[in-house]
Amino acid sequence: MANDSNRFQAIISHCKEYGFIFPSSEIYDGLQAVYDYGQWGSELKKNIKDYWWDSMTRMHENIVGIDAAIFMHPTTWKASGHVDNFNDPMIDNKDSKKRYRVDHLIEAFSDELRAAGQNDKADAVLADMDALLAKDDFAGLKKLIEENKIKCAVSGTYNWTDIRQFNLMFSTEFGSTVSSEDADNKVYLRPETAQGIFVNFLNVQKSGRMKIPFGIAQIGKAFRNEIVARQFIFRMREFEQMEMQFFIQPGTQKKWYEFWKEERLKWHTSLGIPADKYRFHDHIKLAHYADAACDIEFEFPMGFKELEGIHSRTDFDLRNHQEYSKKKQQYFDNDIDPATGKPYGNYIPYVIETSIGLDRMFLAVISHAYTEEDLSTPEKKDDRVVLKLPPRLAPMKLAILPLVKKDGLPEIARQIMDECKLHFRCFYEEKDTIGKRYRRMDAIGTPFCVTVDHQSKEDNTVTIRHRDSMKQERVPITSVKELVLNAIR
RNA sequence: GCGGAAGUAGCUCACCUGGUAGAGCGACAGCUUCCCAAGCUGUAGGUAGCGGGUUCGAGUCCCGUCUUCCGCUCCA
């Protein structure tokens with residue numbers, strides 16, 4: 001455990017030291033749970049995005065992508081349930097330091113009453129609670145807790161703090177004349193990208209002539225005010241999601257849920273990360289919108305944690321948007337129902353969602369790639385840190401290194417550089433000993449280094465050095481580009 | 001949010017019981033080098049997280065504050 005923690009710390013340090021991830025606004029002491037991607041981090045992140053985007057939209061002919069705005073009409077969040085369901089009032093017990101959701105605390109109390117046979121009183125307490133919650137009457141709720149002498153299960157006392165509201169969503173003012181008085185000006189920064197897909201469901205379906213089943217994919221930023229946000233980029237206030245909402249016939253959700261579970265796991269393992277680093281975790285307690293849900297968990301340095309969620313969202317979202325917007329969110333299905341011999345007709349589609357945290361995927365990839373190797377021989381102590389990134393995700397694909405910076409070697413190296421840089425990211429370096437340069441490339445995960453030596457002048461060959469094995473082979477200069485392209489495709 | 005620990009050069013750390021900050025690595029420039037870090041020379045870089053107090057004098061003692069880490073707590 002201490003070892004894993006050290007490893008996690010080492011990964012975080014490495015990310016900063018080698019230009020992958022910096023704390024946000026660091027010169028001002030940072031901003032909690034916000035991070036910036038540096039020169040290599042942004043490349044790696046982009047490569048992950050591209051890999052996801054291509055495998056979703058290009059490999060599935062019935063999935064298209066969109067890029068919806070972060071700002072959305074405030075009613076969106078009423079329809080989605082975020083305004084009502086996720087602004088939970090909380091209360092802390094001063095003795096046990098334990099924090100409760102006020103509704104959970106009172107509901108547990110009413111369950112106790114029921115168990116004691118006091119059904120009437122249990123109902124009365126719940127009714128009072130609902131009325132007070134609806135009014136956001138926190139003082140009244142606290143009074144309700146105190147009057148009923150509701151105790152903390154841990155400390156057994158009723159020494160409570162005032163009730164506070166924890167807002168999940170960030171909000172800001174909309175419009176050029178700012179007036180905090182005017183609630184109508186309030187817009188939220190989206191807490192999930194999914195709603196941008198749902199509100200565009202019909203736009204995409206009609207303009208793209210999409211037939212069910214079909215999917216809409218999106219990559220974008222989302223924002224959540226986490227109560228505690230820690231663990232590096234695992235839980236950030238500003239993060240990026242890669243989501244796909246798959247629209248299906250009602251009644252087929254079970255089949256498609258299983259399909260996407262399998263499909264998504266295949267995507268993960270296709271990167272070459274071993275399957276035993278992943279596991280499914282089925283949700284027992286389902287969110288308000290789902291009829292089945294699971295996580296794909298990854299074995300991060302701090303243990304197995306959620307990396308991706310696959311949710312069967314029913315028609316909850318589209319149905320609510322239909323209700324709140326008064327616009328039909330229906331699809332007319334012309335396919336023939338074998339049971340009746342007639343078209344299926346109009347319905348609100350059901351939805352299977354796959355939602356992966358891009359930043360978490362980044363953390364998964366880099367923490368799996370991070371390797372400390374002991375290369376000591378009896379004569380000499382030696383070690384290296386190498387990022388064994390999948391070549392297609394590596395920020396830099398090829399380093400081109402003249403063995404010495406004279407005798408015409410840099411010129412040959414430059415020619416290779418000019419040839420290759422049109423096709424993938426290359427790095428030219430003539431400083432320091434060759435060993436140092438190899439190790440620097442290992443540290444950022446560059447899969448290939450070619451070295452130009454004196455033999456190159458004679459027979460137009462170079463050595464290509466493989467990152468993971470450190471093995472070298474001599475190849476014709478003309479084959480370098482194809483060799484790298486084959487590895488990153 | 002609570003409890004504990006820590007904040008000195010890019011990184012890892014030193015400065016013992018207060019007397020005006022140092023090393024290694026790294027970076028940069030050059031030399032050397034025919035294939036895996038630690039060969040040579042030189043250069044740059046710190047008002048010791050920030051603010052206040054005690055003192056003739058504070059990195060070193062005290063208080064506050066910020067940040068980070070560990071544990072607890074919460075999570076769609």
Side-chain angles (χ1 to χ4, degrees), chain A residues 1-2 5-6 8-10 12-14 16-19 22-33 80-82 85-86 88 90-101 104 152 154 161 164 166 168-169 191-192 194 222 224-232 234-235 241 283 285-290 293 295 302 305-306 309 311 313 353 355 357 373 375-377 380-386 401-407 409 430-443 449-457 462-467 469-474:
Chain A
M1 194 61 199
S5 173
N6 289 344
F8 194 24
Q9 291 316 315
I12 295 168
S13 300
H14 191 88
K16 188 178 167 209
E17 192 68 17
Y18 288 92
F22 309 120
S24 162
S25 332
E26 198 186 6
I27 62 169
Y28 295 109
D29 283 336
L31 187 62
Q32 209 176 52
S80 71
H82 284 82
N85 289 7
F86 296 118
D88 306 315
M90 313 285 273
I91 192 165
D92 291 5
N93 183 275
K94 290 179 187 166
D95 299 313
S96 65
K97 310 291 184 200
K98 200 165 157 48
R99 173 171 298 154
Y100 295 89
R101 266 173 63 169
H104 286 179
C152 166
V154 176
T161 63
R164 285 173 295 177
F166 288 81
L168 164 89
M169 291 191 285
E192 63 175 18
R224 294 180 189 178
N225 239 327
E226 301 287 351
I227 295 171
V228 270
R230 260 192 239 171
Q231 308 209 34
F232 195 41
F234 184 80
R235 178 164 284 128
Q241 293 182 306
H283 288 199
K285 231 174 64 184
L286 295 169
H288 61 279
Y289 52 74
D295 298 333
M302 63 284 190
K305 299 266 186 185
E306 177 185 354
H311 292 194
R313 289 183 82 126
E353 167 189 273
S355 172
E373 282 182 352
L375 303 173
S376 298
T377 59
K380 185 172 158 213
K381 248 184 108 58
D382 193 12
D383 55 56
R384 68 165 180 162
V385 172
V386 51
L401 316 168
L403 191 58
V404 294
K405 55 180 161 191
K406 57 182 183 186
D407 304 334
L409 268 41
E430 59 183 30
K431 222 183 106 59
D432 289 318
T433 63
I434 192 70
K436 254 187 189 170
R437 284 179 275 170
Y438 285 155
R439 299 301 171 86
R440 275 203 284 261
M441 287 298 109
D442 288 342
C449 298
V450 296
T451 302
V452 179
D453 58 17
H454 285 77
Q455 191 183 330
S456 308
K457 289 197 291 186
V462 289
T463 58
I464 186 157
R465 181 258 195 189
H466 298 267
R467 177 195 66 199
S469 65
M470 299 172 74
K471 293 264 162 54
Q472 289 172 250
E473 55 182 320
R474 187 159 277 279

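Under the rule for a side-chain hydrogen bond (donor to acceptor under 3.5 Å, both in side chains), the partners of A:Gln241 that lie at least two apart in sequence or sit in another chain are A:Thr193. Every side chain to side chain contact (heavy atoms under 4.5 Å, CB included) that A:Ser25 has, sequence neighbours left out, goes to A:Leu31. Judged as a salt bridge (Lys or Arg N to Asp or Glu O under 4.0 Å), and not counting sequence neighbours, the contacts of A:Glu26 are A:Lys16. For A:Asp383, there are no salt bridge (Lys or Arg N to Asp or Glu O under 4.0 Å) partners at least two apart in sequence or on another chain. Residues passing the side-chain hydrogen bond (donor to acceptor under 3.5 Å, both in side chains) test with A:Asp453 are A:Ser456, A:Arg474, sequence neighbours excluded. By the ring-ring contact (aromatic ring centres under 6.0 Å, His included) test, A:His466 is found to be paired with A:Phe448, residues two or more places apart in sequence or in another chain being considered. Annotation: salt bridge (Lys or Arg N to Asp or Glu O under 4.0 Å) contacts of A:Arg440 (sequence neighbours excluded): A:Glu429, A:Asp432. In this structure A:Arg384 satisfies the salt bridge (Lys or Arg N to Asp or Glu O under 4.0 Å) test together with A:Glu373, A:Asp442, sequence neighbours excluded. Taking the side-chain hydrogen bond (donor to acceptor under 3.5 Å, both in side chains) definition, one finds that A:Arg439 meets it with A:Asp382, sequence neighbours left out.
The distance from atom CG of A:Leu31 to atom C1' of B:U68 is 14 Å, rounded to the nearest whole Å. Per the geometry, CD belonging to A:Glu26 stands 10 Å off P belonging to B:G10, to the nearest Å. The nearest whole Å value for the distance from the CE atom in A:Met302 to the C1' atom in B:C70 is 15 Å. The interatomic distance linking A:Glu17 (CD) with B:C25 (P) rounds to 15 Å, in whole Å. What separates NZ of A:Lys16 from P of B:U68 is a distance of 12 Å, to the nearest Å. One atom, CD1 of A:Ile27, and another, P of B:U67, lie 16 Å apart when rounded to the nearest Å.
Comparing A:Lys431 and A:Ile12 by the nucleotide of RNA chain B whose heavy atom lies nearest to each, the residue mapping closer to the 5' end is A:Lys431.
The separation of B:U8 from B:G4, taken at their C1' atoms, amounts to 23 Å, rounded to a whole angstrom. The gap from the C1' atom of B:A38 to that of B:A27 amounts to 16 Å, rounded to the nearest Å. Taking the P atoms as reference points, B:G64 lies 23 Å from B:C69, given to the whole Å. Here, B:U17 and B:G7 have their P atoms 15 Å apart, quoted to the whole Å. Separation of the P atoms belonging to B:C62 and B:A21 is 22 Å when rounded to the nearest angstrom. Here the separation of B:G45 from B:G26, taken at their C1' atoms, is 12 Å to the nearest Å. Rounded to whole Å, the C1' atom of B:U47 lies 22 Å from the corresponding atom of B:U43. As rounded to the nearest Å, B:A6 and B:U41 have P atoms that lie 39 Å from one another.
Side-chain contact between A:Val404 and A:His454 is present, with heavy atoms from C-beta onward closer than 4.5 Å. Considering only heavy atoms from C-beta on, A:Phe232 stays 4.5 Å or farther from A:Met302 through its side chain.
With pairs defined as Watson-Crick or G-U wobble and both atom distances under 3.5 Å, the stems of at least three pairs that touch RNA chain B come out as B:1-7 with B:66-72, B:10-13 with B:22-25, B:27-31 with B:39-43, B:49-53 with B:61-65.
Atom OH of A:Tyr18 has 12 or fewer neighbouring heavy atoms from other residues, nucleotides or ligands inside a 6.0 Å radius.
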Nucleotide-resolved protein contact map, nucleotides 33-45 of chain B, B/S/- at heavy-atom distance under 4.0 Å: BBBBBB-------

What's touching nucleotides 64-66 of chain B from the protein side, N or O pairs under 3.5 Å?
residue	atom	partner	partner atom	Å
B:C66	O2'	A:Asp29	OD2	3.4

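Considering only side-chain N and O atoms, A:Arg224 lies nowhere under 4.0 angstrom from the phosphate OP1 or OP2 of B:C74.
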